[in-house]
Amino acid sequence: MSPAATSAEKIYKIVNARLLMNHEIVENSYLWFQNGKIVHPQNLFFDHLREADEIIDAKGLLIAPGFIDTQINGAYGIDFADHHGSVEKIQEDIDTVAKGLLKYGCTAFCPTVVSSSAAVYEKVLPLLNRRKGCAKGGSEILGAHVEGPFISVEKKGAHNQAVFRNAKNGVKDFDDAYGSELKKGNEAVSIMTVAPEIEGVSDAIPDLVARGITVALGHTACRIAEAEQAVRNGATSITHLFNAMQAFHHRDPGLIGVLGAADLPLPEAGKGHPQASATSPCRQKPDPRPFYGLICDGVHVHPNSVRIAYYSHPSGAVLVTDALSALGLPKGVYRLGGRDVEVDENGGAYVKGTRTLAGSTITIDECVRRFQKFTNCTTVEAIEAATLHPAQMLGIQDRKGTLNAGADADLVFLDDSEGEIRVKRVFVAGEEVEL
Ligand code: ZN
């Protein structure tokens with residue numbers, strides 16, 4: 001079915017919808033949008049005496065906010081860290097991925113760049129700045145997620161340690177590494193993954209946070225004390241929990257142990273922090289524990305581990321694909337951050353000739369399905385881990401991750417009749433996407 005072209009000024013009313021609103025599914029409901037934003041119908045009736053120009057029949061499907069993937073390295077043979085070729089070609093490649101992601105219901109993402117040299121960041125980061133989504137142009141870019149190079153050699157995973165750095169000179173070292181783009185803050189870099197035990201890194205976190213950057217801990221061999229100190233300094237996320245960090249040890253649980261922290265300072269403002277849950281240290285304040293990314297493909301993290309994490313800190317779960325350029329491609333050998341990566345028949349991606357995982361080939365909607373299966377959580381909880389939670393992590397929940405009035409009309413229509421979600425229709429900024 002080819003969707004009718006949607007026009008900006010027109011008022012759209014979705015009928016026969018089941019809406020995910022305020023942590024529950026509201027049956028037989030309506031949703032209004034105009035100019036790419038969800039609007040409150042009362043404002044239209046009483047302020048402008050307007051009725052809907054067009055009715056969209058959701059036919060009983062579940063409507064949720066579009067999925068947000070905060071860690072994705074590329075797809076369709078394209079790697080965001082690949083700087084070869086002209087700027088025009090790289091731009092074209094980014095557009096190809098942005099467009100391709102829409103069909104999985106991913107309406108916003110943080111293109112992720114693995115540890116690279118200053119020259120690579122200089123060329124690539126300007127192309128990954130924030131950019132609005134649209135049906136033709138693709139999924140919205142929320143700024144880049146730079147993973148490394150301030151990370152641990154011991155937990156390097158598929159990263160190239162030749163470009164690793166320390167931060168002896170504080171934030172100046174970060175500016176040297178990423179170049180002038182970092183001065184733009186979250187306009188250019190929305191998430192930065194760092195290892196807190198690398199010299200100077202933990203102390204520099206407040207400066208990075210001051211630029212609006214979400215500081216995530218990952219690719220680290222840190223002990224629990226270093227991890228908690230980094231959280232006190234302002235880190236609000238953990239990158240792909242369980243992967244590329246110390247395994248859980250009961251006497252020193254390392255970074256994973258932060259999920260059990262009971263005496264972190266309570267945040268005053270909700271922005272950038274998980275909301276309180278039944279397991280929070282305080283039910284009245286946002287949860288001081290960080291969000292944590294989970295690669296929910298069943299390969300990177302055992303389902304039992306996903307379940308343990310989720311039930312210890314449910315409001316912090318953020319589903320990520322960590323997909324690499326092989327997403328959407330068959331079994332074979334591909335390039336990731338300048339290395340050969342082998343994809344096997346199960347979709348597992350390994351550094352060629354080793355069993356070191358290099359990223360996944362899973363899609364975000366499949367992450368939601370598996371997460372629900374692994375944890376036995378509700379459909380709402382599974383969806384929120386790919387919508388509300390990533391939006392809260394980035395501090396953009398006023399425009400992403402909810403269906404509240406004022407939010408962007410990024411919508412996925414889901415069939416959940418078989419007990420798991422299937423993407424049926426997708427809207428980005430109020431425009432329907434041809435699937
Ligand atoms: Zn990683």
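Remember, predicted model here, so these are calculated numbers, not experimental data. Whatever order the structure lists ligands and atoms in, that order sets their numbers, starting from 1.
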Please walk me through it: do T220 and E197 pass side-chain hydrogen bond (donor to acceptor under 3.5 Å, both in side chains)? CA-CA 7 Å; T220 169; E197 75 276 24; 2.7 Å; yes

Could you label the plane-to-plane angle of the Y310 and F371 rings as parallel, tilted or perpendicular, counting under 30° as parallel and over 60° as perpendicular? perpendicular

Those residues that, when tested against D408, pass salt bridge (charged side-chain N to carboxylate O under 4.0 Å, His left out) (two or more places apart): K37, K132, R399, K400

Looking at E384, K285, Q392, which hits side chain to side chain donor-acceptor pair (under 3.5 Å) with Q275? Q392

Is there side-chain contact between L435 and V426, with heavy atoms separated by less than 4.5 Å? yes

Let me confirm one number: the CG-CG distance from D297 to L357, rounded to the nearest 0.5 Å. 8.0 Å

Pull up every protein N/O/S atom sitting under 2.8 Å from the Zn ion (ligand 1), skipping waters. E147 OE2, H219 NE2, H240 NE2

